[in-house]
There are 2 protein chains.
Amino acid sequence: MKLESLIVSDSQKVQNGIISKIKELINYKNLEPGDKLPSERMLSERFGVSRGNVREAIQKLEFYGLLKSIPQSGTFVANIGVVAMNGMIDDILRLDSPDFKSLVETRILLELKAVKLASLRRTEEYLKHIKETLDAYEQKVLSGEDAVQEDLLFHLAIAKASGNSTLNTFMLTITPQIIIDFGKYHVCDKNQAVLAIEEHKQIYQAIKAQNPDLAKQKMKEHFNVLYQYCYNSKSV
Amino acid sequence: MKLESLIVSDSQKVQNGIISKIKELINYKNLEPGDKLPSERMLSERFGVSRGNVREAIQKLEFYGLLKSIPQSGTFVANIGVVAMNGMIDDILRLDSPDFKSLVETRILLELKAVKLASLRRTEEYLKHIKETLDAYEQKVLSGEDAVQEDLLFHLAIAKASGNSTLNTFMLTITPQIIIDFGKYHVCDKNQAVLAIEEHKQIYQAIKAQNPDLAKQKMKEHFNVLYQYCYNSKSV
DNA sequence: ATAACCAATCTGGTTAACCAATTTTTTGAA
DNA sequence: TTCAAAAAATTGGTTAACCAGATTGGTTAT
């Protein structure tokens with residue numbers, strides 16, 4: 001699954017259509033966990049679409065854990081009942097494109113947790129990595145250059161140090177979209193970049209000192225501009 | 001991106017190899033944002049792999065916002081500098097398979113936020129949907145049947161009511177894996193399922209009353225068994 | 001009657017050929 | 001010499017043919 005591209009393309013629509021058809025088929029045939037789906041070829045013929053389209057739809061459902069393809073054998077309904085199957089497919093079909101507000105809101109949630117965990121769990125190696133990204137950011141800003149990338153890498157380094165692989169993955173997922181929107185809305189200016197150097201340093205020091213509450217507090221302050229931008233208030 | 005399958009397959013390895021090669025190429029040729037990558041055919045020949053493999057690798061990097069393919073034109077480096085590009089590709093290559101602990105830890109984080117947001121933002125329609133899943137769960141448990149699915153749908157209904165599409169997507173992403181692991185470790189027994197009915201009702205009432213703090217508190221209590229399981233302590 | 005075996009068939013996965021749109025090069029008239 | 005128009009080459013996307021392994025049903029030897 002992708003955290004879909006923001007534009008709902010035509011192929012997206014046909015894919016959703018196929019997913020709906022597969023859902024109907026599972027209900028109609030009363031397929032239960034472990035049952036085999038008709039072959040890709042049969043599905044493509046029955047639905048009147050190409051086999052590639054069917055494969056894409058199956059892969060998407062496989063990503064969400066609803067189906068399981070086994071080579072040279074078939075595609076099987078995962079170990080999940082028809083009720084949850086229906087509910088989740090409906091959810092998947094109605095997945096909204098992520099809006100900027102929800103992206104930022106979620107980013108803040110993830111980062112505040114990540115910085116706490118990083119404070120508790122950081123190894124010397126990860127701490128060193130954070131320090132490197134910190135220095136790189138400072139150097140870039142002080143030389144007057146744009147440092148959006150280095151800022152990003154500092155935050156990703158913290159996520160990596162959190163020791164939570166799921167958190168890290170999610171951060172990697174939303175970061176590119178955040179960057180794109182940041183560029184679009186011109187959130188960062190030079191002045192803020194200079195101020196952020198000190199904020200970054202304080203966050204780093206708190207992580208180094210293994211003080212999770214302080215680290216979270218400093219990260220919160222660092223995000224104030226984002227809060228303002230999205231909610232027009234200092235706290236949520 | 002997928003939140004990769006837990007087994008690192010062979011094709012996974014060759015894909016990571018190709019991603020590494022693409023990274024080296026970008027560095028070697030000093031490609032900057034907007035520059036065009038060599039065509040898929042040239043890359044497949046240069047790397048000695050099939051064009052399909054190259055396409056997969058490109059699509060993965062496209063998912064993380066690092067590349068952008070334009071039909072009948074070419075594949076381009078996204079509007080992100082070489083520094084962030086290198087850092088993010090390294091992160092992507094080193095992405096760990098999500099372990100159960102990090103999944104649960106992240107799930108709790110997401111749900112506690114979701115239940116607060118749902119309390120604040122729930123519409124009558126979403127509230128009704130939550131109520132439906134609540135009743136379905138109760139009925140299933142009281143009739144002595146397994147109700148893992150209905151439990152899941154209750155939690156997903158709350159995520160949907162949070163009004164945060166990114167949060168909702170992430171919940172959908174980790175839920176299947178949680179279910180699989182739950183089944184594996186036999187976390188839920190009949191007794192807990194009955195107790196959970198009351199907990200669900202209290203959560204629902206708090207959301208209905210638009211009391212975010214109470215809702216979060218009740219959700220926290222509901223998760224106590226998970227905390228115990230993962231940390232051997234009642235709170236984190 | 002049963003178990004072992006084998007070949008025909010069916011499966012998802014992979015590869016190569018094809019397509020339409022785009023870009024680049026060529027061409028020829030002004 | 002210039003520039004527009006057309007043709008050739010290149011692009012990512014799509015489709016159809018092919019592959020190796022799993023399944024299945026029938027057959028045969030025990």
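Bear in mind the structure is a predicted one, so any value in this text is a computation, not a measurement.
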A:L67 CG - C:dT11 P separation (whole Å): 16 Å
Applying side-chain contact (heavy atoms from CB on, under 4.5 Å) to A:N168 and not counting sequence neighbours gives A:A159, A:K160, B:L95
Close residues, residues 31-39 of chain A, relative to DNA chain C [heavy-atom separation under 4.0 Å]: A:S39
At what angle, to 10 degrees, do the two end axes of the helix from C:dA1-D:dT30 to C:dA30-D:dT1 meet, given five pairs define each axis? 20°
Length of the line joining B:E45:CD and D:dG12:P, which is rounded to integer Å: 14 Å
Considering only NZ, NE, NH1 and NH2 on the basic side and carboxylate oxygens on the acidic side, decide whether B:E111 and B:R107 come within less than 4.0 Å. yes
Using nucleotides 15-19 of chain D, report all nitrogen or oxygen pairs with the protein that are shorter than 3.5 Å.
| residue | atom | partner | partner atom | Å |
| --- | --- | --- | --- | --- |
| D:dT15 | OP2 | A:S50 | OG | 3.1 |
| D:dC18 | N4 | A:R41 | NH2 | 3.2 |

What residues, two or more places apart in sequence or in another chain, satisfy salt bridge (charged side-chain N to carboxylate O under 4.0 Å, His left out) together with B:D90? B:K23
Nearest-Å distance for atom pair CD/P, residues B:Q59 and D:dG12: 12 Å
If you count the non-hydrogen atoms of other residues, nucleotides and ligands that lie under 6.0 Å from CD in B:E132, is the total more than 12? yes
Taken in chain and number order and not counting sequence neighbours, the residues that satisfy salt bridge (charged side-chain N to carboxylate O under 4.0 Å, His left out) with B:R51 are B:E40
Under 4.0 Å between a side-chain N or O of A:S73 and OP1 or OP2 of C:dC10? no
Rounding to an integer number of Å, can you tell me how far B:E56 CD sits from C:dT14 C1'? 10 Å
Round to a whole Å and report the spacing from CG of A:L61 to P of C:dG12. 14 Å
Could you check how far CZ of B:R55 sits from P of D:dT14, rounded to whole Å? 7 Å
Roughly, in whole Å, what's the span from CD1 in B:I70 to P in C:dT22? 11 Å
side-chain contact (heavy atoms from CB on, under 4.5 Å) partners for A:S165, two or more places apart: B:D96, B:P98, B:D99, B:S102
Could I get the full list of salt bridge (charged side-chain N to carboxylate O under 4.0 Å, His left out) partners for B:K21, not counting sequence neighbours? none
Any A:T75 side-chain N or O less than 4.0 Å from OP1/OP2 of C:dG12: yes
Pair listing, ring pair (Phe, Tyr, Trp, His ring centres under 6.0 Å) test, anchored in residues 13-33 of chain A, at least two apart: none
Residue pairs passing the salt bridge (charged side-chain N to carboxylate O under 4.0 Å, His left out) test with at least one member in residues 133-148 of chain A, sequence neighbours excluded, are A:K131-A:D135, A:E138-A:K201, A:K140-A:E150
Taken in chain and number order and not counting sequence neighbours, the residues that satisfy side-chain contact (heavy atoms from CB on, under 4.5 Å) with A:A78 are A:I80
To the nearest angstrom, how far is B:I18 atom CD1 from C:dT14 atom P? 12 Å
For B:D35, enumerate each residue passing the side chain to side chain donor-acceptor pair (under 3.5 Å) test, keeping only those at least two apart in sequence or located in another chain. none
